[in-house]
Amino acid sequence: MDGYGLGLRNVSSHCSISEMDDYDLSRLLDKPKLNIERQRSFDERSLSELSIGLARGGLDNFESSYSPGGRSGFDTPASSSRNSFEPHPMIAEAWEALRRSMVYFRGQPVGTIAAYDHASEEVLNYDQVFVRDFVPSALAFLMNGEPDIVKNFLLKTLQLQGWEKRIDRFKLGEGAMPASFKVLHDPVRKTDTVAADFGESAIGRVAPVDSGFWWIILLRAYTKSTGDLSLAETSECQKGMRLILTLCLSEGFDTFPTLLCADGCSMIDRRMGIYGYPIEIQALFFMALRCALAMLKHDAEGKECIERIVKRLHALSYHMRSYFWLDFQQLNDIYRYKTEEYSHTAVNKFNVIPDSIPEWVFDFMPTRGGYFVGNVSPARMDFRWFALGNCVAILASLATPEQSMAIMDLIESRWEELVGEMPLKISYPAIESHEWRIITGCDPKNTRWSYHNGGSWPVLLWLLTAACIKTGRPQIARRAIELAESRLLKDSWPEYYDGKLGRYIGKQARKYQTWSIAGYLVAKMMLEDPSHLGMISLEEDKQMKPLIKRSSSWTC
Ligand code: GLC
């Protein structure tokens with residue numbers, strides 16, 4: 001199956017990109033009433049899209065592709081909860097807390113700080129606006145019809161991209177986006193200034209590879225949600241996208257289309273054995289490439305970038321779907337692999353030694369279900385499960401529909417391990433003892449079942465919910481949200497939970513962690529109105545479905 005035939009067509013036809021991108025929204029607009037009821041969320045353009053979606057039979061599309069075989073327990077979230085929806089008392093509290101975390105630059109809101117934890121003595125850098133942390137905040141604001149803060153954030157970070165970035169005497173690539181920034185208020189001069197961190201202050205001095213990808217993904221979410229094409233079309237935004245992608249699309253010594261990374265370059269920003277080709281970055285890379293493809297102009301500068309993107313997407317999806325995918329069958333094949341194979345006929349291309357397969361994975365793997373493993377490189381497969389990469393793979397349609405379903409099957413059948421009492425484990429399983437010493441370098445924060453090492457992160461709830469809606473399994477999201485609702489507010493919105501079941505508030509977890517708050521709000525809003533999913537999800541296999549011609553949409 002080749003999902004990029006359409007992409008290739010896009011090189012020559014601008015309009016088909018728009019169609020590709022609009023199609024996914026239309027299929028989700030199964031309940032127009034909700035969108036109209038929602039205050040301020042859609043402008044006139046969106047409302048007209050809405051009726052187009054309906055004319056195309058959005059409901060049919062939603063149901064036929066998202067509930068194959070009439071999966072039991074499936075009902076569209078909108079239809080089941082529309083009449084019974086009573087705002088949970090936590091929602092108002094969450095909005096209040098989210099608004100408290102807003103950061104202003106010269107009177108304009110430009111982001112949200114990572115945590116507003118007065119009780120904590122150590123502020124560290126939690127008083128900064130992190131790019132990745134702001135994503136769920138941004139989505140919450142967009143879903144609530146408040147796009148200004150998102151636009152300001154996109155522009156502010158774009159400005160920061162233009163800074164010269166150095167670590168000691170070494171200069172970083174032009175396209176690098178900051179991990180975080182801080183607004184400094186000078187009460188005497190009455191001026192605001194910004195300080196940014198591109199990795200030169202971060203623990204471990206690693207540049208955030210995910211920031212640029214999130215920036216592109218957010219630019220599309222903003223465009224999709226507001227219908228305001230003018231921001232993405234500015235020469236500044238076009239250049240910003242090209243610079244980010246230039247960092248990743250250049251040719252070098254790579255033999256794989258995946259992106260080679262240092263440990264700690266993403267949400268897991270400490271040494272955790274994710275160096276190499278971590279799934280989180282590969283999934284975000286894929287999604288950012290697809291978002292950029294829909295937004296880049298076909299002008300002289302954009303054209304070359306677009307061609308490169310299309311080629312890379314082609315190779316990347318093949319590589320990921322073939323080599324990162326693990327299910328019962330694949331595990332059995334690897335278990336029986338021959339080693340030391342040479343030449344093109346090799347089956348075990350990366351020379352993975354079957355003895356290196358960890359014991360736990362044989363028990364963990366259900367008969368039905370599968371996932372993208374953490375990392376694949378020569379003689380090394382990291383069999384750990386990582387939540388973010390797998391959810392983003394579903395949202396970006398990096399996973400085929402079958403793979404997406406299999407990921408959800410796995411979550412369902414390994415609920416106790418992956419969700420337990422608090423959604424959702426960032427990674428599974430934890431590494432312990434000797435392995436922990438070697439892999440983390442004896443990191444006292446990443447002890448087993450804590451923080452990045454098998455800790456449970458409420459922020460991941462929004463990604464799980466989005467993946468559930470996309471795959472037509474909203475009941476899984478409801479179950480997870482219920483768990484979160486039983487603890488989050490009472491525990492003051494912790495950053496993470498510890499323990500095999502995620503029962504304990506994390507040892508060093510901040511309270512009032514903004515993305516825990518925003519993640520909950522986004523999950524609730526999406527479940528109530530699944531049409532929101534369109535801003536963070538991309539449809540796939542377009543050429544397998546008839547292309548619907550329409551005159552104008554968001555780029556042509
Ligand atoms: C921690 C997390 C990182 C997050 C930051 C701010 O360092 O590992 O992902 O962005 O806190 O919340």
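All figures in this text were calculated on a predicted structure; none of them were measured in a lab. Counting starts at 1 for both ligands and their atoms, following the listed order.
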Six-ring centre of Tyr520, Arg487 cation under 6.0 angstrom, axis tolerance 45°
no
Tell me whether Trp457 contacts the main-chain N or O of Tyr451 through its side chain, where contact means a donor paired with an acceptor under 3.5 Å.
yes
A cation-pi test, strictly: NZ or CZ of Arg479 under 6.0 Å from the centre of the six-membered ring of Trp415 and no more than 45 degrees from its axis. Yes or no?
yes
Name the orientation class of the two ring planes belonging to Tyr428 and Phe364 (parallel below 30°, tilted from 30 to 60°, perpendicular beyond 60°).
parallel
If the criterion is any heavy atom closer than 4.0 Å to an atom of ligand 1, which residues make the list?
Ala114, Tyr126, Phe130, Arg132, Asp133, Met267, Asp269, Tyr451, His452, Glu495, Gln513, Trp515
To the nearest 0.5 Å, what is the distance between CG (Leu142) and OG1 (Thr223)?
9.5 Å
Taking the six-membered ring of Phe105, is NZ or CZ of Lys156 closer than 6.0 Å to its centre and within 45° of its axis?
yes
